[in-house]
There are 2 protein chains.
Amino acid sequence: MTDPDLSRRIRDAGGRVTTARLAVLRCLADADEPLTPDEVLEHLGRNSDHVPDRVTIYRAIDWLAVHGLVRRLATVGRAARYEPVEDKEAHAHFQCRRCAQTRCLPAPTPPLPPLPPGYAAERVELVIHGLCAACRTGDTP
Amino acid sequence: MTDPDLSRRIRDAGGRVTTARLAVLRCLADADEPLTPDEVLEHLGRNSDHVPDRVTIYRAIDWLAVHGLVRRLATVGRAARYEPVEDKEAHAHFQCRRCAQTRCLPAPTPPLPPLPPGYAAERVELVIHGLCAACRTGDTP
DNA sequence: GTCTTTTTGCCATTTTATTGCATTTTTAAC
DNA sequence: GTTAAAAATGCAATAAAATGGCAAAAAGAC
Ligand SMILES: [Mn+2]
Ligand SMILES: [Mn+2]
Ligand SMILES: [Zn+2]
Ligand SMILES: [Zn+2]
């Protein structure tokens, strides 16, 4: 997805197109797996000249999440992980219990189970817990 | 589940049956929804005379989790949530995005999606995000 | 009860995230 | 392109959740 496209999405959501927001959204869109705010910061440090403050990263991610451009995943780790909200949607995630790697899986959304009265569902998330290939073979001791 | 039963499970796992472990396991077993360590502490404060230190709660929960007596859920909130590992297994959870309430749902485990080569799945978790009844009607403003 | 090992309490520290406020950037109007 | 209003940022302080070190206490074996 091109920068003008991302700018447009930010503007359409009613916000100002700032370098920080654009860089964060770009970063998450380019990554092939969900990232923590610190990982975003690290990526930006490697790929840009001006690195926004850590707090700015948090605020940019928050804004993007509140306005539906990125999504926070449910995790077992301490840090939050975010991924862009794309066209193709509804896939599962694998989380390694040892290295905390989180990767997207091409799995269809399971059907929505019945909820208690008055409850409203907005999203269904499927998480597979286990060991990634590297952690299982002990390549990363 | 009775106290001797719980003690037995702790001893069978190879650990000492301490008041803290027993109280924490009892607390999680009695609760009708997954609890955070702080919530466990709070419950114990209301239902017991001696309240273990916060760090002890953390360590007791950790031990129980490592030995398979309780399970940590994937959450969107900052605090971890734990539930006892019971006989009847594999149910989904609802998480309210406003009040962070987390409750168990009677939903069957979805089938395990195909994983990348070398990956090993250990558990499948289904999370429903949305608004609980109270938050939807604004009973808890 | 005595002995050995495990667990606990307390304090300090770490990790992750949030808040307050002065300064800067963005955007729109001119 | 200047200017003015609104929104976003940087920086320091603070908060929330969890972890680590170590001496004291409790569990279990005898
Ligand atoms: Mn994904
Ligand atoms: Mn449950
Ligand atoms: Zn791994
Ligand atoms: Zn709620």
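Order of the sequence lines fixes the chain letters, A, B, ..., with proteins taken first and strands second; residue numbering starts at 1 for each chain. Just so you know, these numbers come straight off a predicted model, no measurement behind them.
- As rounded to whole Å, 11 Å separates atom P of D:dA27 from atom CZ of B:R21.
- Atom-to-atom distance recorded for B:Q95:CD and B:L73:CG is 7.5 Å, nearest 0.5 angstrom.
- When hydrophobic clusters are built by joining Ile, Leu, Val, Met, Phe, Trp and Tyr residues whose side-chain heavy atoms come closer than 4.5 Å, directly or via intermediates, B:L69 is not grouped with B:Y58.
- In this structure, A:H50 places its NE2 atom 16 Å from P of D:dA8, rounding to the nearest Å.
- Of the inter-residue distances, the one linking A:E42 atom CD with A:T36 atom OG1 reads 8.0 Å to the nearest 0.5 angstrom.
- Taking the side chain as every heavy atom from C-beta outward, A:R21 and A:W63 approach each other to under 4.5 Å.
- In this structure, B:L6 and B:L22 approach most closely via the heavy-atom pair CB-CD1, 3.8 Å.
- In this structure the side chain of A:D38 reaches within 4.5 angstrom of the side chain of A:R54, judged on heavy atoms.
- Residues A:V66 and A:I61 do not share a hydrophobic cluster, defined by chaining ILVMFWY side chains whose heavy atoms lie under 4.5 Å apart.
- Comparing D:dG21, D:dG28, D:dG10 by their nearest atom to the side chain of B:R59 picks out D:dG21.
- Atoms CG (B:D53) and P (D:dT19) sit 14 Å apart, rounded to a whole Å.
- Summarising the geometry, the separation between CD1 on A:I61 and C1' on D:dT9 is reported as 15 Å, rounded to the nearest angstrom.
- On the nucleic acid side, DNA chain C contacts chain A at distances under 4.0 Å to non-hydrogen atoms, with the end points of that region at C:dT15 to C:dT27.
- Atom CG in A:L22 sits roughly 20 Å away from atom P in D:dA7 (whole-Å rounding).
- If you check every strand for non-hydrogen atoms under 4.0 Å, B:A80 touches sugar and phosphate atoms only.
- Between the side chain of A:R16 and the base of D:dA8, no donor-acceptor pair under 3.5 Å is found.
- Closest-nucleotide positions on DNA chain D for B:A79 and B:V17 were compared, and the one nearer the 5' end corresponds to B:A79.
- At a threshold of 4.0 angstrom between heavy atoms, the contacts of A:T36 with the nucleic acid are absent.
- Distance CD1 (A:I57) to C1' (D:dC11): 15 Å, rounded to an integer number of Å.
- In this structure, CD of B:E39 is placed 11 Å from P of D:dA18, rounded to the nearest angstrom.
- Residue order along DNA chain D, read from the 5' end via each residue's closest nucleotide, puts A:T18 first among B:T19 and A:T18.
- As a whole-Å value, the separation of B:R54 CZ from D:dA18 P is 10 Å.
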